[in-house]
Structures are given as C-alpha cells and as structure tokens.
Amino acid sequence: MTTELYLKLTQFYQDYAASIDLEEWDSWFNMFTDDCIYKIQSRENYDRDLPMAALSLEGKGMLKDRIYGVTETIFHDPYMQKHVVSAPRVISSSEDFIDAQANYSVFRTKNDGIAEVFNVGRYVDRFVIDGDSLLLQSRVCVFDNDMILNSLIYPI
Amino acid sequence: MNNQELLSETEWKFDDTSKIPFWAYTNKGIYEKELKNIFYKKHWCYVGLEAEIPEPGDFKRTVIGERSVIMVRNEQGEIHVVENICAHRGMRFCRKKHGNAQSFVCPYHQWNYTLEGDLQGVPFRRGVKQDGQVKGGMPKDFKPKEHGLTQLKVAQRGGVVFASFDHDVESFEDFLGPEMLHYFDRMFNGRKLKVLGYNKQRIPGNWKLMMENIKDPYHPGLLHTWFVTFGLWRADNRSELKMDEHYRHAAMISTRGSGGKNEQTTNVSSFKEEMQLNDPRFLDVQPEEWWDGPTAVMMTVFPSVILQQQVNSVSTRHIQPNGNGSFDFVWTHFGYEDDTPELTERRLRQANLFGPAGFVSADDGEVIEFSQEGFEAKKDYQTLVELGGRDIEHTDHMVSETLIRGMYDYWRKQMGV
Ligand code: FES
Ligand SMILES: [Fe+2]
C-alpha cells in the first residue's frame with residue numbers, strides 16, 4: 001500500500017468519527033456502498049460466531065431508516081458523542097479492497113451530565129477503492145462492554 | 001435505618017393496587033425482602049435454554065436475583081444448576097461466562113466438585129506427613145457430602161430451563177397455571193431451539209418496572225412512535241390481556257391489523273400516513289404455523305423473565321436485579337431447528353426493533369430510567385394505575401392497566417405489605 005493511500009485511509013477514519021460526532025448524517029451514510037453491511041455487535045456474539053447484533057443493517061436504505069429513527073421516532077435522553085479512533089491497522093489490501101481495523105472509544109455526555117465511557121471496541125472493516133475515494137462495504141463495530149449503558153441510539 | 005422506620009415508611013396506604021407507592025421502587029429494605037421472599041423462595045427463575053449447553057460438560061454462568069449460578073450438563077446429559085459459591089471460603093470460583101468442564105475447581109485451595117455440585121476432592125484433607133507423623137488436615141469427622149455446592153431444583157420444559165433455591169417450590173406447571181402454560185407451550189412446542197445470540201443492557205431503574213412495561217398495553221401506541229409511524233401498532237388490533245389465577249404472570253396477546261389510516265391511529269399525533277421505510281425488510285413478516293392466530297404474544301413470567309414473540313422475532317429477556325435502582329436485562333434471541341436460512345434472516349432483521357438499540361425497545365429502557373429518577377426524588381408519592389378501572393380482570397382490549405394492578409396484588413401478599 002502506498003503512503004498516500006494509507007494517509008487517505010487514516011483521514012477516512014477521522015472523517016467518519018467527525019461526521020457522527022457532529023451528527024452530519026448525510027455524510028455518514030455516504031461513506032458506505034449501496035450494498036453495505038453495518039453492525040454494532042458485542043464481542044461475545046462476534047467471538048462465538050453468533051449472528052445477533054445490537055444493530056444489524058444491510059444496505060444504505062436501512063442506514064437511512066436508522067437515521068430517521070434516531071432523529072424522528074426513538075424517544076431517548078439527548079446525548080453527545082466523542083469518538084477517539086486509533087490509527088488504522090491494515091490487514092490486507094489489493095487493487096480493489098482494503099481490509100483494515102482500528103480501535104475506538106466513544107464518550108457519552110448527556111445534558112446536565114459529565115462525559116462517561118460509553119462504548120469501547122474495534123472497527124472491523126472492508127473498504128472498496130472507488131477511483132480516487134474509499135467507501136465502506138462493511139463495518140462491524142465489535143464492542144467489549146458486556147452491558148450497554150441502557151440504550152444505544154446513534155451510530156458508532 | 002432501624003426496623004421501625006422501615007415499617008412506617010413502607011405502609012400501603014391505599015385501598016387497592018390502583019395506586020403504587022414510590023417506596024416500592026426506592027426502599028432498600030423492600031428490595032432485600034424481594035430477593036428473599038420472591039427470587040429465592042417459592043418461585044421458579046429463568047436460567048437459560050438447553051440449546052446453550054448442548055454437550056456434556058457445557059456450562060453457562062448466569063444469575064438468579066443477585067446470586068451467581070451455573071447451569072451445566074453432566075456426563076449423562078442431564079441439566080443441573082449449582083450456586084457459584086465455594087463451600088470452603090465462599091469464593092465465586094467460576095469466572096468464565098460459558099465453557100466446558102469435567103469438574104468445577106475453585107482456584108483458591110483447589111477444592112474440586114462434580115458437575116452436579118458434590119465435593120470430590122480436598123487437597124491435604126489428611127494433612128502432611130512430616131518426620132513420620134501426620135500433621136494438619138481436616139478433622140476426622142469431616143464429611144465431603146456435607147460440603148457440596150448449593151444445588152438448585154431444576155425444571156425443564158420445551159427447551160427452557162428454570163431453577164429454584166427452594167426445593168419445596170410447586171411444580172413448574174402449577175407455577176405457570178394452565179392458561180399461561182398454553183402460551184408457553186405455543187412458543188416452546190418441543191422443537192429444538194437454535195441460539196442466535198445475546199443483547200445486554202444495564203438499565204438504571206427498579207426491576208419491577210420492566211415487568212410493568214410488558215404488562216402495560218397503554219404505552220406501545222403512544223411512546224413507540226416507530227411502531228405507529230409504520231403501521232405496526234393500532235389501537236383496534238384484536239387483543240387480549242390474560243393472567244394466571246394469582247395475577248403474577250400475564251400475557252398480552254395481539255393480532256395485527258392491516259395497517260394504514262383509520263380513526264384510532266389518527267388519534268395519535270405521530271401517525272404519518274405517507275411514511276414508508278426505505279428498506280421494508282425490517283417489517284417483512286412470514287407467518288408461522290405455530291402462531292395459531294396471534295402475531296404477538298408478550299408473556300411475563302414473574303419475577304425473572306419475559307418471553308417475547310413479536311411476529312418473527314422470538315427471544316427471552318432475563319431480568320437480573322442489582323440493587324433497588326438497577327437491573328441488567330439480557331436478551332437471548334433464538335430460532336427453531338427447522339428454520340430455513342431465509343426465516344433466520346427475517347428473525348435477525350426484525351431484531352433491529354428490539355434490544356438496547358432497537359427502534360422500539362430503546363424507548364422502554366429510557367422511560368424506565370426516568371421513572372426511577374422521579375421516584376427517588378419524591379419518595380412519599382405514588383403512581384396511578386387506574387386505566388380500565390380499579391379491578392383486576394381479563395380483558396379483550398388494550399386500554400387497561402389491569403395486569404399491573406394484578407401483579408401488585410400478588411406482590412403485596414409475598415411481601416406482607
Ligand atoms: S475458597 Fe474455594 S477452595 Fe478455598
Ligand atoms: Fe414498550
């Protein structure tokens with residue numbers, strides 16, 4: 001992999017985190033391919049090959065529906081998110097694909113509250129190299145927490 | 001707090017259970033009594049599914065109330081449940097969530113137990129030989145038989161495992177009663193279950209609030225905007241509320257209407273006729289033969305578990321209290337051995353409605369948290385549960401809080417309040 005491509009990949013991870021933290025949902029789902037997979041899955045299920053996930057979306061349509069739910073229908077305490085994402089670790093790459101992973105921590109801050117560690121895990125990703133840009137074909141957020149702190153509303 | 005204070009703070013000042021005092025959720029003495037009188041006595045509590053431990057030696061660690069227990073399959077294939085407390089010095093020895101073992105060994109002093117919980121090995125039981133003399137060791141009258149792990153009574157039905165610390169508990173069938181047993185058997189009709197995985201959340205609210213949530217048919221069409229928006233919930237759906245004779249367990253049984261606009265749904269401000277999902281597969285339902293009519297049956301088996309069928313999504317939801325103001329809620333999603341891959345896909349897709357991130361269930365965790373906030377701030381106040389009157393009765397509609405009144409009627413008897 002060229003240095004240039006690695007820098008692009010690094011920038012992608014940071015852009016992704018920023019789009020969620022800033023609640024720029026259009027730019028969030030435009031980082032995925034049309035036939036994408038997006039999951040938030042406990043490490044217990046992931047390691048034991050159990051298919052259940054806290055959230056399991058297939059295709060951009062489902063991603064849009066999730067955002068509609070988050071912004072319009074789900075009742076929840078408002079909260080802000082801050083993602084801290086490590087440098088990506090490239091597992092393999094070819095002309096068309098990159099398999100990469102990165103660790104993340106998500107801090108949650110509620111109105112009237114102070115920041116708390118909300119979710120800690122690892123992105124397990126497959127990127128498609130689409131001309132000059134990268135798109136996520138699959139992102140599984142594999143989290144270590146045994147318990148989700150009540151509800152998980154926004155994407156990670 | 002002394003006993004006198006405790007008693008005066010927990011006096012039931014109402015004629016019936018159409019009002020519930022906030023102290024039922026906030027008082028620590030009451031909570032301790034619930035563990036003792038309800039979770040550890042006279043009740044069957046959920047521990048898991050047989051399918052979670054298919055092979056001899058397979059075990060799963062779980063809890064009843066606040067007590068850690070291990071569900072294990074022995075060499076003969078029988079299921080046993082033992083308490084995860086070493087008979088020597090009380091250590092919670094089992095740290096793995098699940099695994100396979102030939103025996104249980106406590107790491108502290110290596111006491112060794114069979115999978116049924118009998119003590120079979122005590123290092124240095126007969127002391128050490130030094131200078132031709134035996135020194136130390138356990139007393140001569142030490143009987144390993146008397147120092148096994150606490151063994152629970154076990155009930156299995158349809159692939160589901162319940163256990164009780166109370167060996168005098170009535171049979172599981174009597175515990176459920178004929179009406180509830182009917183709905184239990186409908187869902188667990190003998191077909192082998194296939195575990196799809198877990199969702200777990202820690203909810204900062206009293207454990208009973210989750211039972212109430214699933215005994216409250218008033219809220220789904222109001223709180224769960226997502227249900228209403230996409231036509232999945234309508235007040236005129238055919239529905240019934242049923243209980244066992246003690247009013248402790250309940251079932252909310254409903255049959256889905258055709259969706260779309262009508263008078264009942266348009267009463268709800270959030271209904272949007274035009275709303276369409278970008279991806280309708282979230283709601284792509286495949287009717288199954290075993291449903292035998294109802295499209296959703298939500299069963300509360302007091303005090304420990306909720307059995308969910310919401311169209312193709314089936315799960316158990318295990319209530320694990322930790323203090324008066326918090327519980328862990330563990331969802332085990334499953335399917336059946338004869339499911340086609342397509343049906344499994346459906347179950348998984350529809351699971352996006354449920355659990356801590358669910359389009360629908362996320363709302364429930366949140367309202368429970370904020371109810372508890374209200375209770376803690378105003379301990380001498382009460383909730384109002386008068387919808388559908390003040391009596392306790394079966395209904396053929398959803399506009400009633402009768403199941404909650406029923407549960408507290410039973411709860412008061414168990415608690416002596
Ligand atoms: S505490 Fe378990 S062997 Fe001593
Ligand atoms: Fe609900």
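Naming convention: chains lettered A, B, ... in sequence-line order (proteins, then strands); numbering from 1 in each chain.
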Rounded distance [0.5 Å steps], [atom1] in [X] versus [atom2] in [Y]:
X: A:E58; Y: B:N352; atom1: CD; atom2: CG; value: 8.0 Å
X: A:E72; Y: B:T225; atom1: CD; atom2: OG1; value: 10.0 Å
X: A:S151; Y: B:D364; atom1: OG; atom2: CG; value: 8.5 Å
X: B:K97; Y: A:R48; atom1: NZ; atom2: CZ; value: 9.0 Å
X: A:H76; Y: B:E369; atom1: NE2; atom2: CD; value: 13.0 Å
X: B:L277; Y: A:M62; atom1: CG; atom2: CE; value: 9.0 Å

For the interface with chain B, which of A:L63, A:L50, A:L57, A:I40 has the highest count of heavy-atom pairs at distances below 4.5 Å? A:L50

Heavy-atom distance under 4.5 Å to chain B: side chain of A:D146, backbone, both or neither? both

Side chain / backbone / both / neither for A:I74 at chain B, heavy atoms under 4.5 Å: both

Crowding at [atom1], [X] (>12 non-hydrogen neighbours, <6.0 Å):
X: A:Y79; atom1: OH; result: yes
X: A:E4; atom1: CD; result: no
X: A:L7; atom1: CG; result: yes
X: B:R191; atom1: CZ; result: yes

Using a strict cut-off of less than 4.0 Å between a Lys/Arg side-chain nitrogen and an Asp/Glu carboxylate oxygen, indicate whether B:E373 and A:K110 qualify as a salt bridge. no

